[in-house]
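Heads up, the thing below is written out as C-alpha cells.
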Amino acid sequence: GDGGGGGGRDGRRSTGGRHSIDRFVQRRGSGTLSRRLSNVADEGITGHIGERYSVGTALVIALNMTLGTGPLMLPYAFARAGLILSAAFLAFCAAVAYVTTTYVIETLVLENADFFEKTESGLFRRLLEGPEESEEDEADSAFGDVSPIFDDEKGAVAEVRHNRPDKVFKIRERIEIGEMGHRVLPGWLYDLLYLCLFLHTFGCLCVYAVALTSSIEVLFLGGGSEHHGLVVLVLSAIVFPLCFADMQKLRQIQWGIMLVRGLAIVLMMVGASYIAFKSGAPEVERQPFDTEGAWMWGGVPLADPAGLPSLFANAVLAFMVHHSLPGFLAPLQDQNEAHKAIGVAYAGAYLVYLLMGASALFAFGRSVPQLYNLAFASFPLATVREFLCGYPLMLLAVYPIVGISLRNNCLGFFGLPPPNPKGPTAAKDVVATAFASLPPLGVAYCTSNVQGIVKIFAGYFGLSLMLVMPCILVVKARRVIPAAEEYFPLKSRWVTTPVLLVVVISWLAAIVVNTYRFFFA
C-alpha cells in the first residue's frame, strides 16, 4: 500500500514538474529557456573556443599540417618503397586516417553533448526547487509552488535532445584529446593515451626543429655548423612566443604560409621534371630488379617492401592531425563542415604527395635525400634554389599548432585548464608553453637524424594515436554517453565492426613490421 501511494505521489510530482516546465515555456517562451541553458553551459566551460572562423581557414590549417613535413620527407620514403607501392599504401593510410578523424570528431561532439545535458539536468532541477535556491533569478521564481523532486528529469533531457539537436550536439568547449580520454576511459587506458600523445607530439616538434635548424644553416650559413647553438637559440626566441597564441590569432599566418607553401611545392615538381628531362632516367645496375630485390622500371623504383616502415612512419607524420583536431575544428562557424574540411585536406595532400613522389623518382631514382628540398642544391636558377632550400622555414606555421596542442594536453593531465584566449596569461601557461616548445629544440641541438626520430616517435606512438586510440575513444563514448543514441550530423558512419577490425589489424601489422625492421632486419 505504501509503495503504491509513494508511486502516486511521485507521479503527481513528475506531472507537476512537467506542467511547471510547460508554464515556464508559455510565460517566458522557449527561446528564454534555450538561452538560459546555453548561458549556464557556457559558464562551466574551461576550454574556451574564442573567436570563430570559416571552413576555409580550417581547411588551410589542415593543409598546412598535412603538407608540413610530408613534402620534405615523403619523396625519400617513395624512393625506399617504390612508386606503385607508395601510391597504394599512402592512399590506404589517408583513407584510414580520415576514418579515425571522424571517430575523434564524434567523441568531441558527444562529450560536449554530455556536458550540456548534465548542465541542463542541473538547471531543470534548480528551476523546480523554487526561489529559496535562487531567489535572485526571476526565471526560478516561476517554480516556487513546485515540489523539489522531478522524476521525469531524464525524459525532459531526452526530449530536448530529440527536438533541439542543434542545441545539444554543438562544440562549446575545446576538449583536447587527452581530456577526452580522461572523461570516458579507465585509468590505465587514459595513461596509455597520454603517453602516446606526449611522445608523438614531442617527436613531431623534434622533426620540425631539426628541419628548421638544418634549413637555416644551409640557407644563411652555407651549411656550416659552427653557429649551430646560436641558430637553436634564435629559433627558441621565435617559436616560444608563437606558442602563446591560439588558432584564431594564427590564421593570418596560416593563409600566408599556405600560399608560399603552394608555390614551393609547384617549384619542386617543376624543378624535378626539369632535372629528369635534362639528365634522363636514372640508371641502375640490373633490371627489372636491382641488387636489393626492388622492382624497377627504367631506373625508377616501383615496389620494394623493405621500404614500408620508412613510408609508414612518414605517412603517419603527414596525416596525423588527430591531436590538433579539437583546437582547429572547434572554432568553425559551421561545425557540421568539419568532416568536409578534413576530407578535402587529405585528398589534396594525397594528390600533392603522389605528384611529388613521381617527379622525384623520375628525376633522382633512389638518390633522394632525407630532406627533399636539399635535392635542388645544384638547380641552375639561384633564386629557386635558395627559395626551396628555405622551405622548412614554413614549418614555423605548424610548430605553434602542435606546440599549443601539447601544452594544453600537458595542462589537462595535471587537471589545469588551458589558457583562456580572452583572459590574462597565468604563470602555469608560461611554464607549460616552455615545457612544450623548448625541449624539441634541445633535441635539434644534439642530432640531425630526422628519419631516426620519425621511425621511433611516429612509427609507434603516432601510429597508435592515429589508429587504435580513436577506435577506443569512440566505442567507449558511445557506451557511456546517453546522447550517443541520437543521430547528429557529425556522427561517424564508420563505427562498424568490420571497419574497426580493419583499423586495429592495420595497427597491429604495422607495429610488428616496424619492430622487425627496426630491431632485427
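Residue numbers count from 1 along this sequence. The analysis underlying the following values was restricted to heavy atoms, covering all of them including side chains, and did not include hydrogens, waters or symmetry mates.
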Could you give the distance from [atom1] ([X]) to [atom2] ([Y]), rounded to the nearest 0.5 Å?
X      : Y      : atom1 : atom2 : value
Leu108 : Thr101 : CG    : OG1   : 12.0 Å
Asn64  : Leu59  : CG    : CG    : 10.0 Å
His339 : Asn336 : NE2   : CG    : 9.0 Å
Leu325 : Met65  : CG    : CE    : 8.0 Å
Thr107 : Leu185 : OG1   : CG    : 9.0 Å
Leu110 : Glu486 : CG    : CD    : 11.5 Å

Shortest non-hydrogen separation from [X] to [Y] and the atoms involved:
X      : Y      : value
Ala211 : Pro392 : O-CB, 3.4 Å
Pro439 : Phe202 : CB-CE1, 3.7 Å
Ala81  : Leu311 : CB-CD2, 4.1 Å
Ile401 : Ser324 : CG2-OG, 3.8 Å
Leu490 : Ala338 : CD2-CB, 4.2 Å
Leu329 : Tyr53  : N-OH, 4.4 Å

Answer yes if the ring centres of [X] and [Y] are under 6.0 angstrom apart, and no otherwise.
X      : Y      : value
Phe198 : Tyr194 : yes
Phe312 : Phe89  : yes
Tyr190 : His182 : yes

Do [X] and [Y] make a side-chain contact, defined as non-hydrogen atoms from C-beta onward lying under 4.5 Å apart?
X      : Y      : result
Leu467 : Val316 : no
Leu67  : Met258 : yes
Pro71  : Met356 : yes
Arg407 : Phe435 : no
Val321 : Met466 : no
Leu465 : Met320 : yes
Asp334 : Arg52  : no
Pro75  : Met268 : no

Donor-acceptor pair between [X] and [Y] side chains, under 3.5 angstrom:
X      : Y      : value
Glu173 : Asn112 : no
Thr66  : Tyr353 : no
Thr100 : His322 : yes

Fill in: Check against side-chain contact (heavy atoms from CB on, under 4.5 Å), Leu500 and Val475
CA-CA 10 Å; Leu500 289 169; Val475 169; 3.9 Å; yes
#### Entry: Residue among Phe115, Tyr487, Phe488 satisfying ring-ring contact (aromatic ring centres under 6.0 Å, His included) with Phe169
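The passing option is Phe488.
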(request) Show your reasoning for whether side-chain contact (heavy atoms from CB on, under 4.5 Å) applies to Cys204 and Leu317. (result) CA-CA 7 Å; Cys204 285; Leu317 203 61; 3.4 Å; yes
Please check if the side chain of [X] supplies one atom and the backbone of [Y] the other of a donor-acceptor pair under 3.5 Å.
X      : Y      : result
Glu106 : Ser492 : yes
Gln335 : Ile171 : yes
Tyr346 : Phe319 : yes
Tyr103 : Trp494 : yes
Lys476 : Gly181 : no
Asp429 : Ala426 : yes

(message) Distance to the ring centre below 6.0 angstrom and angle to the axis at most 45 degrees; does that hold for Arg80 and Phe78?
(response)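 Judged by the rule, Arg80 and Phe78 form no cation-pi pair.
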Pairing of Arg478 and Glu485 as salt bridge, 4.0 angstrom limit
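Glu485 and Arg478: not salt-bridged.
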request  = Before accepting this row, confirm whether a basic side-chain N of the pair Lys170/Asp166 lies closer than 4.0 Å to the acidic partner's carboxylate O.
outcome  =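 Looking at Lys170 and Asp166, the cut-off is not met.
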### Query
Given Thr515 and Tyr460, is the side chain to side chain donor-acceptor pair (under 3.5 Å) satisfied, shown in steps?
CA-CA 9 Å; Thr515 302; Tyr460 287 96; 3.0 Å; yes
Next on the checklist: Walk me through whether Leu354 and Leu90 qualify under side-chain contact (heavy atoms from CB on, under 4.5 Å).
Outcome noted: CA-CA 9 Å; Leu354 188 60; Leu90 204 61; over 6 Å; no
Applying side-chain contact (heavy atoms from CB on, under 4.5 Å) to Asn409 and Glu179, what does each step give before you reach the verdict?
CA-CA 7 Å; Asn409 279 290; Glu179 178 62 19; 5.9 Å; no
